Amino acid sequence: MKKFLLLLIAFIAITSISNAQIVKQNSVKINKQEKEPSESMWYARFGLNFMSAGGDDVDELKSNLGYQLVWGFEKPIGPLFWGMEFGLGSRGYKAKEGDMKLTAHNGVFSPFNLGYKHELSSDLALEAHIGVYVAGDYYGKAKDVVTGYSYKKGYEYGDCSIYDIDGYVFPDAGMQFGFGLWYNVIGVDILVQKGFVNWNKDADSFHTSNFMIRLRLKF
């Protein structure tokens, strides 16, 4: 009888220790799962682009109206986030006097954006971000530009493709920075783009300068 009681006590002790270890292991797994970073947030941004040019030879230019439509994602890295964007956009400018203007459509890619998001409430958040972009013009037109010259008529004006503009530089690259406000799954964003590539081979300082107001939607 004593042997039976001793065996029963030993069995109960072993079972209790085993259950305690299982509970401890499960709690560790749960804690590890809770500490995993949240998934990436995907979004779309679309808005107006007030296109212009910056540099030493742009005193007689003003903004021309364009657009941008991009898709992107944000992934948390500690208190910050990083992400990418890709899509379609435009760049251009307009003369302060007369009808001369240029509008070029491009594909745009931002390979790295770094930002910070500050939660004001469960539905409201402020966001600031900075990054780089590259773009390439694939289609565009210049209106009311010099297309020829004759001794009798002088300068001739008309429309032409960007492919017919002497010295035109199709690729572009530069910095972009902005800030915005999220409300639940919708938001508004203000973005500034400053290009570093001369728009024309014959220019000393003539580059992209865009100011955008974009709506955005989380997926």
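Computed from a predicted model, the values in this text were never measured in an experiment. Any value given below was found using the heavy atoms of this structure, including those in side chains, with hydrogens, waters and symmetry copies removed.
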### Query
Quick one: does N64's side chain have a donor or acceptor within less than 3.5 Å of a partner on L102's backbone?
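Yes; judged by distance alone, with no hydrogens or angles, the pair exists.
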**Report entry** Side-chain donor or acceptor of D144 paired with backbone N/O of K101 under 3.5 Å
**Finding:**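 No; judged by distance alone, with no hydrogens or angles, the pair does not exist.
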To the nearest 0.5 Å, atom CE of M84 lies from atom NZ of K75 at 12.0 Å
Interatomic distance, OG@S90 vs CG@L69, rounded to 0.5 Å, equals 11.0 Å
So which atom in [X] and which in [Y] form the shortest heavy-atom distance, rounded to 0.1 Å?
| X | Y | answer |
| --- | --- | --- |
| F196 | G174 | CD1-CA, 3.8 Å |
| V132 | N113 | N-OD1, 4.4 Å |
| A203 | N198 | O-ND2, 3.0 Å |

Clusters formed by hydrophobic residues whose side-chain heavy atoms approach within less than 4.5 Å: which one holds V70, and what are its other members?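 Traced through the cluster, V70 reaches V108, Y133.
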Please tabulate, for the side chains in residues 115-123, all donor-acceptor contacts under 3.5 angstrom to protein atoms that are two or more places apart in sequence or on a different chain.
from: K117; atom 1: NZ; to: E74; atom 2: OE1; distance (Å): 3.3
from: S121; atom 1: OG; to: D123; atom 2: N; distance (Å): 3.4
from: S121; atom 1: OG; to: L124; atom 2: N; distance (Å): 3.2

Exercise answer: donor-acceptor pairs, residues 210-219 side-chain atoms, under 3.5 Å, sequence neighbours excluded:
from: N210; atom 1: ND2; to: Q193; atom 2: OE1; distance (Å): 3.2
from: R214; atom 1: NE; to: D189; atom 2: OD2; distance (Å): 3.2
from: R214; atom 1: NH1; to: Q68; atom 2: OE1; distance (Å): 2.7
from: R214; atom 1: NH2; to: D189; atom 2: OD2; distance (Å): 2.7
from: R216; atom 1: NH1; to: E127; atom 2: OE2; distance (Å): 3.2
from: K218; atom 1: NZ; to: N184; atom 2: O; distance (Å): 3.3

Is [Y] reachable from [X] through a run of I, L, V, M, F, W or Y residues, each pair having side-chain heavy atoms under 4.5 Å apart?
| X | Y | value |
| --- | --- | --- |
| V185 | Y43 | no |
| W182 | L126 | no |
| V188 | F177 | yes |
| M51 | Y138 | no |
| I165 | F170 | yes |

request  = Give the C-alpha distance, both sets of side-chain angles, the deciding distance and a yes or no for side-chain contact (heavy atoms from CB on, under 4.5 Å) between Q176 and E85.
outcome  = CA-CA 12 Å; Q176 61 182 24; E85 289 183 349; 4.0 Å; yes
Is the number of heavy atoms from other residues, nucleotides or ligands under 6.0 Å of F50 CZ greater than 12?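 Atom CZ in F50 is crowded, with more than 12 foreign heavy atoms closer than 6.0 Å.
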Ring pair (Phe, Tyr, Trp, His ring centres under 6.0 Å) partners of residues 75-109, not counting sequence neighbours, each pair once =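 Sorted result for residues 75-109: Y67-H105, F73-W82, Y93-W199, Y93-F206, H105-Y139.
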Apply side-chain contact (heavy atoms from CB on, under 4.5 Å) to residues F179 and L181 and explain how you reach the verdict. CA-CA 7 Å; F179 61 93; L181 181 69; over 6 Å; no
Salt bridge (charged side-chain N to carboxylate O under 4.0 Å, His left out) pairs touching residues 162-184, sequence neighbours excluded, are R91-D172
Q.
According to side-chain hydrogen bond (donor to acceptor under 3.5 Å, both in side chains), who are the partners of S209, at least two apart in sequence or on a separate chain?
A.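 side-chain hydrogen bond (donor to acceptor under 3.5 Å, both in side chains) check on S209 returns K194.
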